[in-house]
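Residue numbers start at 1 and run along the sequence shown.
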Amino acid sequence: QVQLVESGGGLVQAGGSLRLSCAASGRTVSNYAMGWFRQAPGKEREFVAAISRDGGSTYYADSVKGRFTISRDNAKNMVYLRMNSLKPDDTAVHYCAADTRVVKLIRNDRGIDYWGQGTQVTVSS
């Protein structure tokens with residue numbers, strides 16, 4: 001089992017920045033690719049970013065490319081999402097996820113192994 005806890009969400013003005021953190025515990029986290037997803041009210045869950053087990057490869061949704069950066073520190077069992085140039089459309093609950101296969105994260109697979117409970121990001125105009 002892997003437990004994931006997100007933090008760092010909050011209220012920010014459009015154009016501002018936030019850094020989300022995901023603390024992982026349980027089974028060896030370095031064996032898992034990690035990802036960030038978001039879900040706004042009335043919308044389906046959206047893939048945001050993913051990172052390979054060793055941090056060597058990153059993947060982003062087109063909507064956040066150039067603005068968001070995913071990173072990980074396996075020694076600390078932490079995953080981060082730096083969000084710059086935030087827009088009101090970024091408002092959503094943001095979730096951290098883990099899976100042994102990064103492709104499942106990129107594809108927003110229904111069977112992704114582990115999820116955190118989410119942290120709210122609200123961007124005001």
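Within the 4.5 Å cutoff, the side chain of Asp113 has heavy atoms near those of the Lys104 side chain. In this structure, Met34 and Leu4 have side chains that are in contact, with non-hydrogen atoms separated by less than 4.5 Å. Between Ser71 and Arg82 there is no side-chain heavy-atom pair separated by less than 4.5 Å. Using a 4.5 Å heavy-atom threshold, the side chains of Glu6 and Trp36 count as touching. Residues Ile70 and Val79 have side chains in contact (heavy-atom distance under 4.5 Å, counting atoms from C-beta outward). Taking the side chain as every heavy atom from C-beta outward, Arg107 and Phe47 never approach each other to under 4.5 Å.
Under the 4.5 Å side-chain contact rule for hydrophobic residues, Tyr80 and Val102 do not share a cluster. Both Tyr95 and Ile106 belong to a common hydrophobic cluster when Ile, Leu, Val, Met, Phe, Trp and Tyr are linked at side-chain heavy-atom distances under 4.5 angstrom. Note on Val123: it clusters hydrophobically with Met83, by side-chain heavy-atom contacts below 4.5 Å among ILVMFWY residues. Hydrophobic clustering of Ile, Leu, Val, Met, Phe, Trp and Tyr side chains at less than 4.5 Å, counting indirect connections, keeps Phe37 apart from Val64. No continuous path of hydrophobic side-chain contacts links Tyr59 to Phe68 [ILVMFWY only; heavy atoms under 4.5 Å].
A salt bridge links Asp62 to Lys65: at least one charged side-chain nitrogen sits closer than 4.0 Å to a carboxylate oxygen.
Only one option out of Asp90, Leu20, Leu81, Thr91 pairs with Arg38 in a side chain to side chain contact (heavy atoms under 4.5 Å, CB included); it is Asp90.
Contact detail for Leu11 and Ser124: the closest heavy-atom pair is CD1-CB, 4.3 Å. When every heavy atom of Ser17 is checked against every heavy atom of Ser85, the shortest pair comes out as OG-N, 4.3 Å. In this structure, Val12 and Gly16 approach most closely via the heavy-atom pair CG2-CA, 3.9 Å. The minimum heavy-atom distance linking Ala24 with Val29 is given by the pair CB-CG2, 3.6 Å. Taking all atoms of both residues into account, the shortest heavy-atom contact from Ala92 to Gln120 is O-NE2, 3.5 Å. Closest non-hydrogen pair, Leu105 versus Ala50, comes out as CB-CB, 4.2 Å.
No more than 12 heavy atoms of other residues, nucleotides or ligands shown are found within 6.0 angstrom of CD on Gln117. In this structure, Arg53 places its CZ atom where only 12 or fewer heavy-atom neighbours from other residues, nucleotides or ligands lie under 6.0 Å away.
Within the 3.5 Å criterion, the main-chain N or O of Arg45 finds a donor-acceptor partner in the side chain of Asn108.
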So Asp109 and Arg101, salt bridge (Lys or Arg N to Asp or Glu O under 4.0 Å) or not? Walk me through it. CA-CA 10 Å; Asp109 195 283; Arg101 302 180 68 86; over 6 Å; no
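Expressed to the nearest 0.5 Å, how far CG of Asp99 lies from CG of Asn31 amounts to 12.0 Å. Here the straight-line distance linking atom NE2 of His94 with atom CD of Gln39 works out to 11.5 Å at 0.5 Å rounding. Asn77 contributes atom CG, which lies 10.0 Å from atom SG of Cys22 (distance to the nearest 0.5 angstrom).
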